[in-house]
Amino acid sequence: MKIVKLISVTFVLLLACSVAKAQSTPEAIIGQCPDLPSVANLAADDFNNPVIEAFHNQIQVLREKGKEAADRASAGAEVAARSDADRMTQQTIGRSVNEIQNMSDAQLEAFAQQQTSARMSAAGLGNMSIAQLEALGSKSDDEIMATLLGSGANNTGLTAEEIMAMEKMNDRQREAYMNQGDRKQRVQAAANSPQAQNQRAQAQTQAASAQAQAQVSAELKQISDRWQEIDRLNQQETEEVAQKIMEIHARYDPQVAAVRRTGGSHGDAYTEAEQRTVNSLNAARFTECYTLWRNQVGKMQGRIKTKLADVARYDELTAQSIRASGGTATAQKMPSIGFSIAGQYLDATSSVTTLPAR
């Protein structure tokens, strides 16, 4: 019996955690967003309207849910990013981030020089120091070529003298020169060497990675462009509605001003009848205004919600881009772009209680 009870309790706790997690997704946050208040409640001249207050309270709760979920994901991504950075640093230079951070300036300089020399050698550029490379800036082309070849930057199978000699030849002369002796055989042997093959393989891998990354970037831009167009339409229509609301005010302002104040000892207050007229005019005015604005907010909600269709793909493309840069763990922990869209949806929804500025 105790075991059955324990299993039941465990199941309930797991279910509760699952439900809580589901309620914090961007889709769930948008789905739980309260309905827009009625025009009657929006137009009511009541600063303490309980319907409006409850409406904003519900939105605030959803904002906090979204922030908490996004913050949790961001915190996880930061931890993962540090792990990825440490792993990539170890793989690239054989040192951890901690070791690099604890090096003195002299150690860092020596280590940087060592790494530069290793990369230059791997790239077929010899073992020149940073200072030697910088000194090439003031040399002629021939001097630069001679210096590079002298440093060991030569994996062509030809001697430095042969390469320098061909620099001054035209194409026909070079072809004749290469046909002399065993020059072609030496060049072919160098091209088939393990070092050359490794360099070609690395170049192909980098080219394929660059092409894949370009495709990812292009698709991300397509999605971003679609979202920007939605935002542009919402902004354009909002400005158009704001103009119409100004025109409504322009129609009603003279009518309200025409109501004479005949109450009070100095004629500076409305009589009950006059106040009813003013209230009636303002009620009609704000009913028109909020009818327009509520409809516009509904349109904005609908457009923003369509962005959710692209969220999963956008998140996956972002993860691909991060993984291509070596951030394997980081890619799994990044917060969804959907939280930003959910926030935009909540902002648009809550704006229904405030008319665009006149």
Side-chain angles (χ1 to χ4, degrees), residues 14-42 49-77 219-242 290-320 322 331-356:
L14 288 172
L15 181 61
C17 290
S18 175
V19 170
K21 184 177 180 182
Q23 289 176 341
S24 296
T25 65
E27 294 81 1
I29 289 169
I30 288 177
Q32 296 169 66
C33 193
D35 293 335
L36 297 178
S38 67
V39 171
N41 274 302
L42 292 170
N49 188 325
V51 172
I52 301 300
E53 186 176 352
F55 170 75
H56 283 298
N57 287 341
Q58 283 179 269
I59 290 176
Q60 184 57 33
V61 168
L62 293 174
R63 277 202 179 99
E64 290 170 2
K65 276 187 181 181
K67 185 178 184 304
E68 287 171 7
D71 286 349
R72 280 196 302 271
S74 294
E219 192 172 348
L220 280 171
K221 185 178 184 304
Q222 288 174 352
I223 295 173
S224 295
D225 287 347
R226 284 199 293 272
W227 289 352
Q228 287 176 9
E229 177 60 14
I230 287 172
D231 295 340
R232 188 195 67 77
L233 281 173
N234 281 342
Q235 180 61 34
Q236 177 183 314
E237 287 187 0
T238 294
E239 291 172 0
E240 291 170 357
V241 169
Y290 277 108
T291 297
L292 275 176
W293 182 229
R294 188 179 185 279
N295 288 340
Q296 172 58 17
V297 170
K299 287 182 184 178
M300 291 195 293
Q301 285 179 313
R303 287 202 186 102
I304 294 169
K305 194 181 288 187
T306 64
K307 292 183 179 182
L308 291 177
D310 284 325
V311 165
R313 183 58 179 163
Y314 191 97
D315 288 344
E316 173 54 28
L317 290 168
T318 302
Q320 285 182 30
I322 294 171
Q332 296 176 342
K333 299 290 185 179
M334 288 300 293
S336 171
I337 190 68
F339 286 112
S340 175
I341 293 170
Q344 188 182 15
Y345 186 90
L346 294 178
D347 288 344
T349 303
S350 65
S351 74
V352 75
T353 61
T354 305
L355 293 173

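In this text, all values refer to a predicted model and were calculated from it rather than measured experimentally.
Inter-residue side-chain proximity for Arg303 and Glu237 is flagged as met; some heavy-atom pair is nearer than 4.5 Å. Contact check for Ile304 versus Ile30: no side-chain heavy atoms found under the 4.5 Å cut-off. Looking at Val352 and Phe55, their side chains come closer than 4.5 Å, going by heavy atoms from C-beta outward. Contact of the Leu308 side chain with the Tyr345 side chain is not registered, since no non-hydrogen atoms from C-beta on lie closer than 4.5 Å. Counting only heavy atoms from C-beta outward, the side chains of Asn295 and Lys299 never approach each other to under 4.5 Å. Side chains of Thr306 and Ile230 form a contact here, defined as non-hydrogen atoms less than 4.5 Å apart. In this structure, Leu42 and Ile52 have side chains that are in contact, with non-hydrogen atoms separated by less than 4.5 Å. With a 4.5 Å cut-off on side-chain heavy atoms, Pro356 and Gln296 do not count as touching.
Other residues, nucleotides and ligands contribute at most 12 non-hydrogen atoms within 6.0 Å of the CG atom of Asp35.
Under 4.0 Å is where a charged nitrogen must lie from a carboxylate oxygen, and between Glu229 and Arg226 no such pair does.
Pairing each heavy atom of Ser74 with each of Pro335, the nearest pair is OG-CG, 3.5 Å. When all heavy atoms are compared, the tightest approach of Lys65 to Ile29 is C-CD1, 4.4 Å. When all heavy atoms of Trp293 and Val241 are compared, the pair lying nearest together is CE3-CG1, 4.0 Å. The minimum heavy-atom distance linking Val297 with Ser351 is given by the pair CG2-OG, 3.9 Å. Taking both residues in full, the closest heavy atoms of Thr353 and Tyr290 are given as O-OH, 3.2 Å, listed atom of the first, atom of the second, then distance. Summarising the geometry of Arg294 relative to Pro37, their closest heavy-atom pair is NE-O, 2.6 Å, with the distance given to 0.1 Å.
Interatomic distance, Glu219 CD to Asp310 CG, rounded to the nearest 0.5 Å: 9.0 Å. Atoms CD1 and OH, on Ile341 and Tyr314 in that order, are 9.0 Å from each other to the nearest 0.5 Å. Taken to the nearest 0.5 Å, the OG atom of Ser336 stands 12.0 Å off from the CD atom of Glu316. A distance of 10.0 Å separates CG of Asp347 from CE of Met300, quoted to the nearest 0.5 Å. Atom CD1 of Ile322 is separated from atom CE of Met334 by 4.5 Å, given to the nearest 0.5 angstrom. Put simply, NE2 on His56 and CG on Leu346 are 12.0 Å apart, with the number rounded to the nearest 0.5 Å.
Residues Arg232 and Gln236 bring a donor and an acceptor atom of their side chains to less than 3.5 Å of each other.
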